[in-house]
Amino acid sequence: MHYTFKPRQDHLRAELFGRQTVEETLKFVDALVEEARANSASRFLVWVRNSRPIFKMDQYKISDSFKQLAGRDLRVALLADSEEVRASHQYIEVLAAQQGAKVRSFSDEPRALSWLAAQSQE
């Protein structure tokens, strides 16, 4: 697994490659939080590539991360390079919504960027 972070004008672009386990997901989320703090980012575009879908996140306290997001004005747009990972992102979107966090799954980058931009103008 490896990941990159690239600050953009109105969001932080994160790319995650080769993630296989929930533990790797948690490691990535921790790194994303650190990078967000360093850049004072509140909008995130997260691309997940060449990775396995993860559906058992609730047992690993991912919901706690969503509770932290809900208390702040943060937005996260999720993108995937496979239908299976996209399905897991839709599950993440549901879990996040239950905690009041603004996380959405998208099938294409232009729509994700449009949502992030629209939200940042509110």
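The shown structure was predicted, so the numbers you read here are calculated from the model rather than taken from an experiment.
- Side-chain atoms of R19 and V48, non-hydrogen and from C-beta on, do get closer than 4.5 Å to each other.
- For E24, there are no side chain to side chain donor-acceptor pair (under 3.5 Å) partners at least two apart in sequence or on another chain.
- Counting heavy atoms of neighbouring residues, nucleotides and ligands inside a 6.0 Å radius, atom CZ of R8 exceeds 12 of them.
- The CG atom of D108 sits 7.5 Å away from the CG atom of L79 when rounded to the nearest 0.5 Å.
- Ring orientation note: the planes of F106 and W115 are tilted relative to one another, at an angle of 30° to 60°.
- Salt-bridge formation is not detected for the pair D30/K27: no Lys NZ or Arg NE/NH1/NH2 atom is positioned less than 4.0 Å from an Asp or Glu carboxylate oxygen.
- Qualifying side chain to side chain donor-acceptor pair (under 3.5 Å) partners for E34, counting only residues two or more places apart in sequence or in other chains: none.
- Note that CG of L45 is 15.0 Å distant from CZ of R75, once rounded to the nearest 0.5 Å.
- A salt bridge links R13 and E15; the closest N-O separation between the charged side-chain nitrogens and carboxylate oxygens is under 4.0 Å.
- T25 places a side-chain N or O within donor-acceptor distance of the main-chain N or O of T21, the cut-off being under 3.5 Å.
- Closest heavy-atom contact between P53 and E84: CB-O, 3.5 Å.
- Across all their heavy atoms, A77 and A112 have their closest contact at CB-CB, 3.9 Å.
- In terms of heavy atoms, A41 sits closest to L74 at O-CD2, 3.8 Å.
- Using a 4.5 Å heavy-atom cutoff, the side chains of V94 and Q90 are not in contact.
- Remark: H2 NE2 to R49 CZ distance equals 10.5 Å, nearest 0.5 Å.
- Within the 4.5 Å cutoff, no side-chain heavy atoms of D10 are placed close to those of L116.
- Residues that satisfy the side-chain contact (heavy atoms from CB on, under 4.5 Å) test with P7, not counting sequence neighbours, are L12, N39.
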After noting the C-alpha distance and the side-chain angles of L16 and M1, does the key distance pass the side-chain contact (heavy atoms from CB on, under 4.5 Å) rule?
CA-CA 7 Å; L16 173 62; M1 174 192 77; 3.7 Å; yes
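- With contacts defined as side-chain heavy-atom distances shorter than 4.5 Å, the pair N50/D81 qualifies.
- For the pair E93 (side chain) and R104 (backbone), a donor-acceptor distance under 3.5 Å is absent.
- No side-chain donor-acceptor contact under 3.5 Å links S114 to the backbone of R111.
- Within 6.0 Å of the CZ atom in R52, the count of heavy atoms belonging to other residues, nucleotides or ligands does not exceed 12.
- Taking 4.5 Å as the limit, some side-chain heavy atom of L113 sits within range of a side-chain heavy atom of H11.
- Closest approach of A80 to V85, counting heavy atoms only: CB-CG1, 3.4 Å.
- Taking 4.5 Å as the limit, some side-chain heavy atom of R86 sits within range of a side-chain heavy atom of S107.
- Separating the NZ atom in K102 from the CZ atom in F44 is a distance of 13.0 Å, to the nearest 0.5 Å.
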